[in-house]
Structures are given as structure tokens and as C-alpha cells.
Amino acid sequence: MILPRALLLFPLLLVAPCALAVENERQLPVNLRADRIDVDQKKGLSLYRGHVLFSQGTLRLTAARAEVQNRASVIETVTAEGQPVSFRHRPEGQTEFIEGEASRVVYHALTRQVDLYGMVQVQRGRDLFRSAVLHYDIEKQSMIGESANGRRVYAALVPRGKPLPENPP
């Protein structure tokens with residue numbers, strides 16, 4: 001009788017650490033790597049140049065350049081620039097990643113929001129979004145796309161088992 005109960009609990013033991021890992025992402029350390037790092041502790045500003053990699057949990061940014069603003073050793077914003085800046089995140093409770101590219105990405109660490117600017121392209125599973133500006137709220141798992149300079153927002157919502165569009169606008 002004890003063995004069947006233990007077998008029922010075993011899958012929960014495997015899933016629980018994964019869920020907690022994503023849920024506690026905010027408390028995980030931030031890792032930054034670059035070819036060059038300039039730190040101004042008085043201003044709370046760090047500049048990272050060359051092959052920049054920012055990561056915290058499942059959130060990852062790669063860029064040519066990044067500027068980090070912090071106050072009292074707490075990161076407030078990360079502004080990344082490059083051609084392109086790449087972005088990747090796995091939302092809590094999901095198996096698929098949200099991946100994207102833009103010319104500039106601003107990560108607001110305290111509110112867990114990501115703003116992407118300039119030739120934005122984001123893929124969520126098989127769905128594709130293109131816009132001039134895209135705001136991604138990590139906590140709410142929501143996105144808002146905005147047009148600019150006559151370039152409208154594009155979305156391709158692709159059902160499972162269907163082919164991706166060949167040449168989206």
C-alpha cells in the first residue's frame with residue numbers, strides 16, 4: 001500500500017523543482033558576460049561591450065552592447081543594443097520559449113517587463129509577431145505590439161500541425 005502512494009507522489013517531486021525554479025527566477029543571480037566591462041559605482045552604471053550575454057533564470061539577452069542601471073546593488077534596467085539583440089524566455093509553467101530579435105531591448109528588472117524596439121520579430125511556439133515596438137510582460141505573460149512609421153503590426157497564429165507561413169509580410 002505504501003509503494004503505490006509513493007509512486008503517485010514521484011512525478012510531483014520531479015515537476016515541483018522545475019515550477020519553483022521558474023517561479024523564483026526573480027531571486028536568481030544575474031549573470032553578465034562581455035569582452036569589456038566598465039563600472040561606475042558612484043553612478044550605479046555599468047557598460048558592457050562586445051559579445052554581451054545577460055541571463056537570469058530562463059531569461060537571456062545577447063547583444064553587442066548593454067548598459068546596466070542599478071541602485072543599492074539592485075539592477076533596475078538593462079538596455080541592450082545590437083544588430084540584432086536576441087531575446088529568449090520560457091514563461092512559468094510553459095515548455096515553449098518566447099524568442100525574439102530587435103535593434104534595442106530594455107529589460108525592466110523590478111517590474112519584469114521587456115520592451116523591444118526596431119524591426120521586432122518575436123516567436124511564441126509556432127506563432128509569429130512582427131512590429132516596430134513590442135512590450136512583453138513576463139509576470140502577466142502578455143504582449144502588446146505597436147506600429148510606427150507606417151509599419152503595421154503583423155501576427156501569424158498557426159494551429160498545431162499546420163505549416164508556418166512561407167513569406168510573412
Side-chain angles (χ1 to χ4, degrees), residues 18-39 44-71 74-149 151-158 160 164-165 167-169:
C18 295
L20 286 174
V22 174
E23 185 176 303
N24 293 327
E25 216 173 60
R26 178 185 297 241
Q27 284 81 34
L28 291 175
V30 169
N31 296 294
L32 282 147
R33 294 185 179 143
D35 294 338
R36 178 182 171 134
I37 301 173
D38 298 322
V39 178
L45 181 68
S46 302
L47 182 60
Y48 298 80
R49 289 183 241 173
H51 304 97
V52 178
L53 172 61
F54 167 93
S55 64
Q56 182 180 32
T58 66
L59 176 63
R60 178 183 169 119
L61 294 172
T62 60
R65 178 185 184 280
E67 184 177 292
V68 178
Q69 284 281 165
N70 65 66
R71 185 174 297 162
V74 175
I75 292 178
E76 293 180 340
T77 60
V78 176
T79 302
E81 296 175 343
Q83 294 301 323
V85 175
S86 68
F87 157 78
R88 181 178 173 152
H89 179 255
R90 183 173 49 97
E92 181 180 341
Q94 303 291 317
T95 56
E96 295 176 329
F97 281 85
I98 293 177
E99 299 179 273
E101 293 182 344
S103 300
R104 185 167 64 97
V105 174
V106 180
Y107 171 55
H108 305 275
L110 300 177
T111 58
R112 306 263 304 149
Q113 295 178 344
V114 182
D115 298 325
L116 297 93
Y117 302 94
M119 302 298 289
V120 177
Q121 180 169 304
V122 173
Q123 191 160 354
R124 181 189 67 196
R126 296 172 50 84
D127 300 339
L128 177 68
F129 303 91
R130 287 188 177 159
S131 63
V133 177
L134 189 130
H135 306 285
Y136 172 52
D137 188 314
I138 292 173
E139 299 296 322
K140 294 179 183 175
Q141 296 184 20
S142 65
M143 289 187 275
I144 299 172
E146 298 177 14
S147 62
N149 302 323
R151 182 168 182 223
R152 299 182 66 200
V153 177
Y154 169 81
L157 307 175
V158 182
R160 293 189 190 273
L164 291 169
N167 281 327

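Please read these numbers as outputs of a predicted model, since none were measured by experiment.
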Problem set entry | Heavy-atom side-chain contact between Gln83 and Ser103 under 4.5 Å | yes
For this session: Could you tell me which non-hydrogen atom of Val78 sits nearest to which non-hydrogen atom of Ala66, and how far apart they are?
Result: CG1-CB, 4.5 Å
Exercise. What is the minimum heavy-atom distance between Val85 and Ala80, and which atoms define it?
Worked result: CG2-O, 3.5 Å
Exercise. Any donor-acceptor pair under 3.5 Å linking the side chain of Glu25 with the backbone of Thr58?
Worked result: yes
Problem set entry | Shortest non-hydrogen contact between Leu28 and Gly57, atoms and distance | CD1-CA, 3.6 Å
Exercise. Do you know which two heavy atoms are closest between Ala63 and Glu81, and how far apart they sit?
Worked result: CB-O, 3.5 Å
Problem set entry | Leu116 side, atom CG; Phe129 side, atom CZ - distance, nearest 0.5 Å | 12.5 Å
For this session: Write down the atom of Gly125, the atom of Glu96, and the distance for their closest heavy-atom approach.
Result: CA-OE1, 3.4 Å
Exercise. From Arg33 CZ over to Thr62 OG1, what is the distance, rounded to the nearest 0.5 angstrom?
Worked result: 13.0 Å
Problem set entry | Tyr48 and Phe54 aromatic centres sub-6.0 Å | no
Exercise. Are Val106 and Tyr117 side-chain neighbours, meaning at least one heavy-atom pair lies under 4.5 Å?
Worked result: yes
Problem set entry | Closest non-hydrogen atom pair, Ala148 against Ala132 | CB-CB, 3.5 Å
Problem set entry | Euclidean distance, Gln113 CD relative to His108 NE2, rounded to 0.5 Å | 6.5 Å
Exercise. Do Val133 and Asp115 have side chains that get closer than 4.5 Å, going by heavy atoms?
Worked result: no
For this session: Drop me the distance from Arg65's CZ to Arg49's CZ, to the nearest 0.5 angstrom.
Result: 7.0 Å
Problem set entry | Gap separating the CG atom of Leu128 from the CD atom of Gln123, nearest 0.5 angstrom | 6.0 Å
Exercise. If we only count heavy atoms from C-beta on, is the Phe87 to Ile98 side-chain gap below 4.5 Å?
Worked result: yes
Exercise. Looking only at atom types and distance, does a side-chain atom of Glu67 sit under 3.5 Å from a main-chain N or O of Leu45, one as donor and one as acceptor?
Worked result: no
Problem set entry | Any side-chain heavy-atom pair of Val74 and Leu110 under 4.5 Å | yes
Exercise. Should Arg124 and Gln94 count as side-chain neighbours, where that means a heavy-atom distance under 4.5 Å?
Worked result: no
For this session: Indicate yes or no for a side-chain donor-acceptor contact from Asp127 to the backbone of Val158 under 3.5 Å, with no hydrogens or angles considered.
Result: yes
For this session: Would you check if the side chain of Gln141 reaches a backbone N or O of Glu92 as a donor-acceptor pair within less than 3.5 Å?
Result: yes
Exercise. Out of curiosity, Ser86 OG to Leu61 CG, how far, rounded to the nearest 0.5 Å?
Worked result: 7.5 Å
